A.B. asks: 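Sharing a structure with you now.
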Amino acid sequence: MESNLKVVHISKFYKPYFGGLESVVADISEGVADSGMDVDVYAIDQDKLCRYETINNVNVIRSRQNMHIMSQPISFMFLLDIIKCNADILHVHLPNPLANLGVFFKYLLSNKKSKLVLHWHSDIIKQKKMLFFYRPLLNWILKKSDKIIVTSNDYLKHSEQLELFNEKCEVIPIGIDTSEQLVNHELVLKIKQKYDNKCIVFSLGRHIYYKGFEYLLNAAKNTEGAVFLIGGAGPDTNKYKKIVDDNNLNDKVFFVGRIPDYELPSYFFASDIFCFPSIEKSEAFGVVQLEAMCLGTPVISTAIVGSGVSWVNMNNHSGLICNPKSSEDLEDKLKILISNNDLRRKLGLGAKSRYKELFKKKND
């Protein structure tokens, strides 16, 4: 591949916005830029950030959000940016109906036809009515694409939205660099001391419906011998805090908010268990599980049918798997690990081994 190729990634959001998809886009973009190619990322801005910025050799072009409809940020400038972009390779991260619309008009109005790569992060799950009207446009971009990247065989096998385009799909699991060298052992000690050296159950993610945090909070009611740290924020944060208040869990459950990137490895390392209670197929992979696994922290996650989450975390090897939407099953799994130091140690070693075998980013 020539080093002077122009690559444009189209993502809903980008740094400093935090999330699994955003971290994947950043990793790919920065890796391609390091290889000598010219890389732009087009993304939507909700916070009046700089329109143009270069981050780690990646040119970021942000478009101000005008409105928000059915979980989709709307930006007219974002559409125009996509239509006008000049790229040899257009790498579109889906689901993102607005980006899909922009690419449609770009191909309609432009003579230059870029190579089109789609990164399939998730099916559209919740917005069934929107999908009915959006499906023709989605099928258009799937048909037009040169390659569709899917993060696991499990997701590809169960995706109805991809079933007509399997011959274009290639499974490429997400990989991350280990964060061992970023662990601040003084901070780890402070975290453990702050919570009286109790067993720490850590959970992290955007506070939104499909993350399933309410099931973890309900499981915490009758789970003794541990404290629960909930990282992140989102539209459901106040709902979760009300559950804690209503059930008198304030001495057991602690909301730690958005944790700075440089502190995150220390939180994962300080934790005895990482819990990932997602409930819907919108959770296609669960990159955050890798952040725990690379540091030897065992994971409890859910068996979401058609998702790759329970493939990433292998039951009885890197952690334990429970039924989604079952506080009772999650409670049982928590009690098993909290009460068994040897099992936690064994699964922690398995987690680190599985990360190295399947999910360690290759830099050569």
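Quantities reported herein were computed from a predicted structural model and do not represent experimental measurements.
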A.B. asks: Which atoms form the tightest heavy-atom contact between G20 and V287, and what is the distance?
C.D. replies: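 The answer is O-CG2, 4.2 Å.
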
A.B. asks: Taking the ring centre of each residue, are W120 and F285 less than 6.0 Å apart?
C.D. replies: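 For W120 and F285, the ring centres are not under 6.0 Å apart.
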
A.B. asks: Regarding E280 and K325, does a basic nitrogen lie under 4.0 Å from an acidic carboxylate oxygen?
C.D. replies: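 Yes.
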
A.B. asks: Please tell me whether Y42 and F78 form a close aromatic pair, meaning their ring centres lie under 6.0 Å apart.
C.D. replies: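 When the ring centroids of Y42 and F78 are compared, they turn out to be at least 6.0 Å apart.
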
A.B. asks: Side chains of N218 and K221: any donor to acceptor distance under 3.5 Å?
C.D. replies: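 Side chains of K221 and N218: pair found under 3.5 Å.
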
A.B. asks: How long is the span from the CZ atom in F165 to the CD1 atom in I141, to the nearest 0.5 Å?
C.D. replies: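 Output value for this atom pair is 11.0 Å.
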
A.B. asks: Do other residues, nucleotides or ligands put more than 12 heavy atoms under 6.0 Å from E160 CD?
C.D. replies: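 Not buried by this count: 12 neighbours or fewer within 6.0 Å.
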
A.B. asks: Given the rule in the side-chain hydrogen bond (donor to acceptor under 3.5 Å, both in side chains) test, do E22 and S11 qualify, once you have shown the distances and angles that lead to the verdict?
C.D. replies: CA-CA 8 Å; E22 288 76 24; S11 176; 5.2 Å; no

A.B. asks: Counting only heavy atoms not in M314 (residues, nucleotides, ligands), do more than 12 fall under 6.0 Å from its CE?
C.D. replies: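 Open: at most 12 neighbouring heavy atoms sit under 6.0 Å from CE of M314.
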
A.B. asks: If you apply the rule side chain to side chain contact (heavy atoms under 4.5 Å, CB included), what do you find for E53 with K15, and how did you get there?
C.D. replies: CA-CA 10 Å; E53 186 177 8; K15 291 179 177 181; over 6 Å; no

A.B. asks: Report the distance from atom CG of L21 to atom CG of L94, rounding to the nearest 0.5 Å.
C.D. replies: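 So the CG of L21 and the CG of L94 are separated by 9.5 Å.
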
A.B. asks: Walk me through whether H9 and Y14 qualify under ring pair (Phe, Tyr, Trp, His ring centres under 6.0 Å).
C.D. replies: CA-CA 10 Å; H9 284 263; Y14 195 70; 8.7 Å; no

A.B. asks: Regarding K252 and E224, does a basic nitrogen lie under 4.0 Å from an acidic carboxylate oxygen?
C.D. replies: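 Counted as a salt bridge, because a side-chain N and a carboxylate O are separated by less than 4.0 Å.
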
A.B. asks: Treating Ile, Leu, Val, Met, Phe, Trp and Tyr as nodes and any side-chain heavy-atom pair under 4.5 angstrom as an edge, say whether V171 and V92 lie in one connected cluster.
C.D. replies: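 Per the 4.5 Å side-chain linkage, V171 and V92 are co-clustered.
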
A.B. asks: Check K147, H119, K115 against H91 for a side-chain hydrogen bond (donor to acceptor under 3.5 Å, both in side chains) and give me the one that passes.
C.D. replies: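 The option that passes is H119.
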
A.B. asks: Do the non-hydrogen side-chain atoms of F276 and S203 ever get within less than 4.5 Å of each other?
C.D. replies: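 Side-chain contact under 4.5 Å: no.
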
A.B. asks: Quick one: pull up CG in D236 and OH in Y210 and give me the separation to the nearest 0.5 Å.
C.D. replies: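 Between atom CG of D236 and atom OH of Y210 there are 11.5 Å.
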
A.B. asks: Any salt bridge between E180 and K352, counting N to O under 4.0 Å?
C.D. replies: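 Salt bridge present between E180 and K352.
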
A.B. asks: Under a 4.5 Å cut-off applied to non-hydrogen side-chain atoms, are I124 and Q161 in contact?
C.D. replies: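 I124 reaches Q161 side chain to side chain.
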
A.B. asks: Verify, without hydrogens or angle tests, whether D154 (side chain) and G306 (backbone) share a donor-acceptor contact under 3.5 angstrom.
C.D. replies: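 Here the side-chain-to-backbone pair does not exist.
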
A.B. asks: With the side chain counted from C-beta on, respond yes when K333 and C275 share a heavy-atom pair under 4.5 Å apart, and no when they do not.
C.D. replies: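 No, too far: nothing below the 4.5 Å cut-off.
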
A.B. asks: Is a donor on one side and an acceptor on the other found under 3.5 Å between the side chain of S179 and the backbone of L182?
C.D. replies: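 No, because the side chain of S179 does not come within donor-acceptor range (under 3.5 Å) of the backbone of L182.
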
A.B. asks: side-chain hydrogen bond (donor to acceptor under 3.5 Å, both in side chains) between D123 and S159: does it pass, once the steps are laid out?
C.D. replies: CA-CA 7 Å; D123 290 356; S159 173; 2.8 Å; yes

A.B. asks: Just by distance, with hydrogens left out, do D45 and Y17 show a side-chain donor and acceptor under 3.5 Å apart?
C.D. replies: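 Their side chains do contain a donor-acceptor pair, which is all the 3.5 Å distance test asks for.
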
A.B. asks: Can a side-chain donor-acceptor contact be found between D81 and S63 if the only test is distance below 3.5 angstrom?
C.D. replies: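 There is such a pair (donor and acceptor under 3.5 Å, judged by atom type) between the side chains of S63 and D81.
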
A.B. asks: Within a strict 4.5 Å, meaning less than it, do heavy atoms of the E283 and K211 side chains meet?
C.D. replies: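 Contact flag for E283/K211 side chains = yes.
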
A.B. asks: By the rule that ILVMFWY residues connect when side-chain heavy atoms come within less than 4.5 angstrom, directly or transitively, which residues belong alongside I243?
C.D. replies: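 Hydrophobic cluster check, I243: joined to V201, F213, L216, L217, F228, I230, Y240, V244, L249, V253, F255, I273, I300, L320, L330, L334, I336, L337, I338, L343, L347.
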
A.B. asks: May I have the step-by-step check of ring pair (Phe, Tyr, Trp, His ring centres under 6.0 Å) for F105 and W140, ending in yes or no?
C.D. replies: CA-CA 12 Å; F105 281 117; W140 174 86; 9.6 Å; no

A.B. asks: Could E186 and K190 be called an ion pair, given the rule that one side-chain N must be under 4.0 Å from one carboxylate O?
C.D. replies: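 The answer is no: the pair does not qualify as a salt bridge.
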
A.B. asks: Between CD1 of I82 and CG of L90, what distance do you get to the nearest 0.5 Å?
C.D. replies: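 So the CD1 of I82 and the CG of L90 are separated by 8.0 Å.
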
A.B. asks: May I ask you to decide if D342's main-chain N or O and N340's side chain share a donor-acceptor pair within less than 3.5 Å?
C.D. replies: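 Yes, because the side chain of N340 sits within donor-acceptor range (under 3.5 Å) of the backbone of D342.
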
A.B. asks: After noting the C-alpha distance and the side-chain angles of D40 and K6, does the key distance pass the salt bridge (Lys or Arg N to Asp or Glu O under 4.0 Å) rule?
C.D. replies: CA-CA 8 Å; D40 291 352; K6 176 75 171 184; 2.7 Å; yes

A.B. asks: May I have the step-by-step check of side chain to side chain contact (heavy atoms under 4.5 Å, CB included) for I304 and S278, ending in yes or no?
C.D. replies: CA-CA 8 Å; I304 304 167; S278 295; 4.0 Å; yes

